[in-house]
Protein chains: 2
Amino acid sequence: MQDVAARAGVSTATVSRVINGSDYVSEATRLKVLRACAELDYSLNPIAQSLRLGRTKTIAAILSFLTLPSIVERLRGVQAAMAESDCDLLTLSVGTPEARDAILEKYSQRARTDGVLIISMPVNDNHVKRFLNSGVPLVLIDAQHPELNRVNVDDETGGKMAAEHLIGLGHRKIGFISSYLKNPFQFSSTLARYKGYCEALESADIPVLRRYQREGEHGREYARDMALDLLSQPDPPTAIFASSDTKAIGVLDAAKELKIRVPEELSVIGYDNIRDAEYMNLTTIHQPLFDSGLEAGRKLLNMVHAPSSSPVEIILPLKLLKRGTTAPPGG
Amino acid sequence: MQDVAARAGVSTATVSRVINGSDYVSEATRLKVLRACAELDYSLNPIAQSLRLGRTKTIAAILSFLTLPSIVERLRGVQAAMAESDCDLLTLSVGTPEARDAILEKYSQRARTDGVLIISMPVNDNHVKRFLNSGVPLVLIDAQHPELNRVNVDDETGGKMAAEHLIGLGHRKIGFISSYLKNPFQFSSTLARYKGYCEALESADIPVLRRYQREGEHGREYARDMALDLLSQPDPPTAIFASSDTKAIGVLDAAKELKIRVPEELSVIGYDNIRDAEYMNLTTIHQPLFDSGLEAGRKLLNMVHAPSSSPVEIILPLKLLKRGTTAPPGG
DNA sequence: TTGAAAGCGCTAACAC
DNA sequence: GTGTTAGCGCTTTCAA
């Protein structure tokens with residue numbers, strides 16, 4: 001910047017003014033400075049600027065695994081929001097609760113980022129306190145906390161919608177397959193979907209049977225194994241609600257293996273509407289994954305520029321997508 | 001830091017020394033400082049440190065779309081490499097050639113990142129010159145340039161392997177489906193695979209027929225449409241080599257629609273071995289996507305710490321994965 | 001073994 | 001309109 005100033009025959013202050021388009025600068029000097037910048041191929045040092053301004057122009061997205069299609073899809077929404085601004089996106093993938101704690105501690109520092117987005121990962125009061133103290137804006141996606149801004153869907157209603165769809169078709173033996181209801185990361189959304197499922201059954205006077213439920217690791221193969229187990233018992237369910245599309249696809253695998261026809265002999269409904277769900281012609285609860293990232297990103301950007309008032313929860317709408325894997329029982 | 005120094009009754013220089021674990025500091029003052037840090041919940045301002053040191057501890061990954069499973073998988077490898085270091089990962093997704101140029105210009109600045117990774121995106125001499133001038137370490141993944149470090153597979157050999165597999169099974173009418181051989185981003189890998197395909201055919205004295213080839217947008221549906229077109233002509237191919245698994249899955253869709261049995265009436269081979277390929281039981285050319293990110297990330301980290309010598313190309317091995325979608329023609 | 005002080009590159013108050 | 005200057009928070013000579 002010194003060099004540019006010298007070459008243009010002005011002070012660094014003036015160069016700064018020109019570059020930032022601020023203040024009253026005479027057209028003549030403006031051009032001189034611009035020319036000097038071009039000739040020296042100069043551009044601002046963003047680090048120095050950050051130090052001076054106390055703004056990093058960086059947003060951090062903290063998420064558990066880049067392997068989950070739903071998380072990637074949300075992240076894409078976040079990217080889109082960032083593309084609308086001048087902020088860069090730091091992607092932090094944490095595999096263990098310990099790593100999560102370390103990362104959350106690190107990124108609750110004011111100097112590190114302008115704001116943080118937490119995707120599909122529950123936070124505890126300690127984490128929240130750190131952020132509230134440091135004043136780093138934080139938005140949760142697919143997670144709950146009363147003191148924070150968050151964008152979610154109503155998973156309990158979603159679970160209910162799924163189960164009610166099956167009940168409406170005439171099913172009474174309705175299985176439920178999910179990841180662990182109590183896991184180290186405590187995905188609260190799974191639990192909420194389970195509650196909705198129970199509620200729907202109870203409302204229809206259908207007993208909620210443990211033997212129609214399985215929980216386990218996340219993933220298509222695990223879901224397949226659970227479904228195999230579930231369907232091999234005497235008097236098996238005639239319909240299965242899987243708490244994610246990935247799991248629902250695993251259920252379809254199991255049905256294929258057991259030569260059980262879908263939807264004639266078994267109805268399957270998923271949750272999320274990931275890209276593959278359409279191709280598999282899977283009935284599912286669509287949740288706006290991309291939009292959740294987009295909305296959260298925009299909200300966060302707002303907070304960065306204008307510190308927010310009281311925390312709000314943005315609830316995005318769910319939609320039942322009736323496709324080819326559900327039908328009345330017995331064909 | 002002032003506060004910590006005051007509280008510990010030392011100078012900021014000493015605090016700095018303690019935190020960085022450097023130099024000779026007496027155990028007594030070390031403990032005093034550490035205690036003061038803990039009491040004040042203090043930690044270094046990374047921005048100030050960056051300004052002083054000229055290192056940002058940030059690596060930028062520049063890629064085209066987060067929608068391609070292959071790119072996400074490579075990115076995961078990069079993440080893994082970063083997790084081994086103290087660097088953060090900036091993920092820059094660029095949708096258009098203009099955005100790419102802007103981003104590449106921006107991130108060839110020394111002050112912005114310690115290094116840059118470009119994933120599945122060709123670079124031209126102008127881009128390269130900028131990086132070479134600024135001295136920002138750069139590693140290419142799935143892209144070519146003689147003056148840069150890069151990690152690749154031998155796509156020409158890969159294309160050849162795929163075609164030879166089909167020829168070996170007895171096929172003579174072998175279709176080829178790909179994204180545009182000349183596209184705005186000029187994915188050179190597609191072209192290389194095509195060359196390998198041609199080579200294999202020529203070696204086997206099979207004429208390379210334009211009418212057995214289709215190119216178009218990337219994506220499962222586009223591939224399906226191309227396959228529909230390809231298979232609807234008189235004397236259609238008995239086997240199709242799709243330049244990516246996503247496209248191969250689109251070909252399977254088309255076959256299903258046309259009630260053409262795979263592999264009995266049509267053999268299909270893909271490329272990449274993305275996660276879905278296994279579930280679809282797709283014969284494919286496995287390329288180490290995750291590892292490409294990991295290796296490139298490590299290489300880049302090395303370069304950051306020790307400026308590299310002459311550029312090298314790391315070639316990762318390809319592997320034919322024979323699964324259920326290929327068989328001799330006519331059943 | 002520790003402290004004083006310069007300076008990384010920028011911006012914003014204040015002077016002119 | 002433009003220049004001077006202080007200072008963002010850190011590290012690192014150099015001196016003690």
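Sequence lines set the chain letters: A, B, ... in the order given, protein chains first and strands last, and positions in each chain run from 1.
Atom CD1 in B:I47 sits roughly 15 Å away from atom P in C:dG9 (whole-Å rounding). Atom P of nucleotide D:dC10 and atom CD of B:Q2 are separated by 9 Å, given to the nearest angstrom. Here C:dA12 presents its P atom at 11 Å from CE of A:M1, a figure rounded to the nearest Å. We find that CD1 of B:I19 is positioned 7 Å from P of D:dC10, with the value rounded to whole Å. What separates NZ of B:K32 from P of C:dT1 is a distance of 14 Å, to the nearest Å. For A:R112 and D:dC10, the CZ to P distance is 11 Å, given to the nearest whole Å. Whole-Å rounding puts the B:Q49 CD to D:dC8 P distance at 18 Å. Distance CG (B:L31) to P (C:dT1): 14 Å, rounded to an integer number of Å.
Checked against C:dC10, D:dC10, C:dT1, the side chain of B:A48 finds its nearest nucleotide in D:dC10. Checking D:dC10, C:dT2, C:dC10 against every side-chain atom of B:L44, the shortest atom distance belongs to D:dC10. Of all nucleotides listed (D:dG9, C:dG3, C:dT2), C:dT2 comes nearest to the side chain of B:S26.
In terms of the side chain to side chain donor-acceptor pair (under 3.5 Å) criterion, residue partners of B:E73 (sequence neighbours excluded) are, by chain and number, B:R76, B:R275.
At a threshold of 4.0 Å, the pair A:D88-A:K57 does not count as salt-bridged, since none of the basic side-chain nitrogens sits closer than that to a carboxylate oxygen.
A donor N or O paired with an acceptor N or O is found under 3.5 Å between the base of D:dG3 and the side-chain atoms of A:R17.
Of the two residues near DNA chain C, B:E27 and B:L51, the one whose nearest nucleotide lies more 5' is B:E27. Nearest-nucleotide mapping onto DNA chain C: of B:A13 and A:L53, the residue sitting toward the 5' end is B:A13.
The side chain of B:T12 places no N or O atom within less than 4.0 Å of a non-bridging phosphate oxygen (OP1 or OP2) of D:dG9. At the phosphate of C:dT1, neither OP1 nor OP2 sits under 4.0 Å from any side-chain N or O atom of B:T29. The side chain of B:T14 places an N or O atom within less than 4.0 Å of a non-bridging phosphate oxygen (OP1 or OP2) of C:dG3.
A distance of 4.0 Å separates CD1 in B:I141 from CG in B:L117, rounded to the nearest 0.5 Å. Here the straight-line distance linking atom CG of A:L300 with atom CG of A:L140 works out to 11.0 Å at 0.5 Å rounding.
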side-chain hydrogen bond (donor to acceptor under 3.5 Å, both in side chains) assessment of B:T91 paired with A:T91: CA-CA 6 Å; B:T91 314; A:T91 314; 2.8 Å; yes
